[in-house]
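Proteins come first, then strands; the chains are lettered A, B, ... in the order of their sequence lines, and each starts at number 1.
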2 protein chains.
Amino acid sequence: MARLKDVAQAAGVSIATVSNVLNGTKAVTPEVERRVLEAIARLGYHPNPHAQSLRTGHSRTFGLLVPDLTNPYFPALVQAVEATARAHGHALLVMDAGNEAEREAEALALMANYRVAGVIWVPVADRGTANGHFPIVTVDRPVAAYDAVVADHRQGGALVAQHAFDLGHRRVGLLSGPRALPSAALRREGFLAAAAGRLDVVWEREVPFSSDLPPDVVARLAEPECTLVACANDAVAVGVLRALRSANLRVPEQVSVIGFDDVPWADFVEPALTTVRQPLGALGADAVTMLQARIASPELPPQRLTLPVELIERRSAARPVSIRVAGDDARTRPRPSPPRVAASDAPTGEGDGRPALHTEACG
Amino acid sequence: MARLKDVAQAAGVSIATVSNVLNGTKAVTPEVERRVLEAIARLGYHPNPHAQSLRTGHSRTFGLLVPDLTNPYFPALVQAVEATARAHGHALLVMDAGNEAEREAEALALMANYRVAGVIWVPVADRGTANGHFPIVTVDRPVAAYDAVVADHRQGGALVAQHAFDLGHRRVGLLSGPRALPSAALRREGFLAAAAGRLDVVWEREVPFSSDLPPDVVARLAEPECTLVACANDAVAVGVLRALRSANLRVPEQVSVIGFDDVPWADFVEPALTTVRQPLGALGADAVTMLQARIASPELPPQRLTLPVELIERRSAARPVSIRVAGDDARTRPRPSPPRVAASDAPTGEGDGRPALHTEACG
DNA sequence: CACGCCTGGTTAAACGTTTAACCACTCGTT
DNA sequence: AACGAGTGGTTAAACGTTTAACCAGGCGTG
């Protein structure tokens with residue numbers, strides 16, 4: 001492969017000059033610049049990243065550390081991160097913590113050793129496992145000391161309460177996620193706040209993020225005493241769908257179900273899940289631009305960016321039959337204008353309206 | 001960070017000696033080795049990978065290039081690849097081709113520039129885009145010149161035919177995938193071969209890997225004239241499920257459906273999909289060991305490893321009502337011993353019985 | 001006109017390894 | 001006793017960059 005030396009020789013110039021035109025470090029005569037550029041193109045020269053890293057002490061590589069790649073939340077995220085990192089001339093070192101704090105710490109150490117320019121980190125738990133000494137931006141699960149980009153879970157919770165109300169529901173059940181996870185806690189808060197005074201939350205239960213529901217929950221679902229159940233998660237929602245089905249309750253005719261996340265298969269279950277979509281693509285893209293900002297100015301206090309979420313209406317939630325008004329068909333009824341989003345608790349962020357990533361399953 | 005020099009100084013020895021004990025390059029006195037090791041431990045020394053790469057011309061890094069991370073096929077694969085690469089002391093550079101040959105070629109070039117030790121490559125198409133000059137093992141979509149590890153799609157096809165027959169089906173429909181993809185072609189071949197003389201394939205249609213079925217197919221599904229439809233894919237299987245449902249045909253009571261891939265949500269659709277599972281974890285792990293073998297002996301002719309697949313019985317396929325024999329209940333009927341797998345066309349591989357990765361969705 | 005100052009370029013050191021070449025010994029042989 | 005062959009260690013070069021230090025000439029200024 002062509003080295004700096006070869007280019008210099010071909011252009012009849014010293015290697016320092018070539019380096020300077022490459023990095024714009026120093027001014028050069030237009031004529032010389034032309035010769036150098038021409039030589040570079042002709043030889044197909046690309047700098048050796050290892051030599052660069054050795055010399056400068058940092059690489060043009062980002063690290064991405066996620067708790068568990070098979071969690072459907074992540075693929076879209078890493079895709080977005082990789083794409084925008086690559087667009088900015090950075091490669092991506094991806095590591096999977098396998099949901100273990102130990103493997104996570106090891107991964108962080110490895111990345112430090114690789115002199116990554118910075119890492120994008122989705123911590124396995126919110127234990128503030130601060131570590132090595134490079135720029136970090138966390139995604140989805142903020143760690144106090146670092147930058148963070150998160151979806152507006154609180155707004156998401158509010159959105160489902162609002163939607164339930166708009167559809168005409170009054171008595172609802174709530175299956176909230178593990179209180180220990182900030183995301184779950186915020187969804188719950190947002191839901192409860194928006195429900196206050198309008199929705200009667202006839203029962204609430206904290207469940208793990210899984211479609212295997214605790215027995216008491218499936219029992220309760222057989223006699224729901226509500227017309228809609230709001231779920232912590234799309235996975236939880238399919239658990240609910242199952243329980244409802246085996247209790248011979250029809251969705252959404254008898255009870256509506258709303259999920260959270262809009263995982264790729266949310267459209268594949270029966271009935272297709274009404275849910276709230278996290279802007280995974282934007283989350284990833286903004287994480288890397290945030291990381292670059294952090295690298296550019298390391299001294300700034302930790303920033304937080306909160307991106308808006310979006311309610312996706314599909315078939316699992318509809319107007320409750322009990323209050324259906326004659327002549328007012330759900331199909332033809334004009335939808336109320338989408339509820340204006342209340343700013344969340346951490347309004348640092350200015351989410352852009354970037355369209356969500358389109359993902360599609362195949363072969 | 002501690003450098004070789006520091007270790008040498010601390011151990012009262014030259015840097016060459018430290019390097020030698022690190023790499024086992026040359027014999028050293030036990031006493032000296034002890035001192036060096038102690039110094040290394042005390043200083044928490046880790047070699048600078050960039051210096052190593054610069055000197056040796058190759059890095060302890062593998063590349064992984066996939067066509068599209070949001071394809072549910074891949075997350076489990078990259079997880080397995082990352083885990084086993086890491087276990088062998090290698091980091092992983094992940095790139096996503098976004099299903100574009102152009103981005104794929106660019107990614108390959110970047111990896112070459114990064115002096116990766118080798119790359120694991122799932123080509124976007126089977127166009128033999130041979131390229132850079134480093135060890136490559138392809139996964140799922142073999143390219144003539146390189147090593148390959150693939151799932152036994154042919155056997156998979158045979159498995160579904162066999163299963164259909166065992167359940168008592170005789171008239172079946174086949175929705176095969178794009179003939180241009182080797183995997184789809186092999187599934188079809190295997191299916192047809194195993195069906196020959198036992199199953200009546202009343203219709204066949206080639207469809208894209210998508211749950212949006214062509215109109216004529218959904219029309220056909222309204223009057224299926226068969227008791228089971230074998231699908232190219234889990235995605236097309238859910239398309240079939242939908243079509244059947246809107247034709248008021250009950251699955252599996254009136255018509256059975258079998259998918260392919262066992263995507264993570266195959267258990268979430270209604271009814272849960274009977275399908276064939278690809279050993280994604282083993283595929284990934286074997287790909288990296290194969291890559292290491294290739295690196296160790298570059299002169300060997302291209303190898304091919306074919307891993308067995310597994311039929312996952314869930315609820316979408318059952319005995320056809322039409323031929324149910326009195327007293328012979330599907331629940332109690334002894335299942336025939338699992339069909340012995342016929343060796344596939346490329347029997348180079350000796351798939352090990354490694355258990356497939358357990359993947360689970362959460363928050 | 002001599003001086004200092006830009007301007008555009010070169011030389012050489014340094015980053016942290018690996019590894020070939022070299023060297024001082026100790027042994028076993030003759 | 002002299003020699004050759006290990007044995008266990010060191011010295012120094014090289015990998016391909018970046019960048020500080022240096023330098024030659026042109027030019028406005030006193």
Between the main-chain N or O of B:Ile15 and the side-chain N or O of B:Ser19, is there a donor-acceptor pair closer than 3.5 Å? no
Given atom CD of B:Gln52 and atom C1' of D:dA14, what is their separation to the nearest angstrom? 16 Å
Check: B:Ser297 side chain, B:Ala293 main-chain N or O, donor-acceptor pair, under 3.5 Å: yes
Name the orientation class of the two ring planes belonging to A:His50 and B:His50 (parallel below 30°, tilted from 30 to 60°, perpendicular beyond 60°). tilted
Identify whether any heavy atom of A:Thr29 sits under 4.0 Å from a base atom; if not, whether one sits that close to sugar-phosphate; answer base, sugar-phosphate or nothing. sugar-phosphate
Rounded to the Å, how far apart are B:Leu4 CG and C:dT19 P? 12 Å
Can you work out whether B:Val13 or B:Ala51 has the more 5'-proximal nearest nucleotide on DNA chain D? B:Val13
In whole Å, I'd like the distance from the CZ atom of B:Arg60 to the P atom of C:dG16. 20 Å
Please state how far atom CG in B:Leu43 lies from atom P in C:dG16, giving the value in whole angstrom units. 14 Å
Phosphate oxygens OP1/OP2 of C:dT19: is one of them under 4.0 Å from a side-chain N or O of B:Thr25? no
By nearest heavy atom, map B:Ala16 and B:Leu54 onto DNA chain C; which one lands nearer the 5' end? B:Leu54
Within this structure, what is the CG-to-P distance between B:Asn20 and C:dA21, rounded to whole angstrom? 15 Å
Can you tell me how far C1' of C:dT11 sits from CD1 of A:Ile15, to the nearest Å? 9 Å
Kindly check if the number of other-residue, nucleotide or ligand heavy atoms within 6.0 Å of CD (A:Gln9) is above 12? no
Measure from CZ on A:Arg115 to P on C:dG16 and round the result to the nearest Å. 8 Å
When the distance from OH of B:Tyr45 to C1' of C:dG16 is rounded to whole Å, what number comes out? 7 Å
Are side-chain N/O atoms of B:Asp96 and A:Gln79 paired as donor and acceptor at under 3.5 Å? yes
Measuring to OP1 and OP2 of C:dT17, would you say a side-chain N or O of B:Ser53 lies under 4.0 angstrom away? no
At under 4.0 Å between heavy atoms, what does B:Ala27 touch on the DNA or RNA strands: base, sugar-phosphate, or nothing? sugar-phosphate
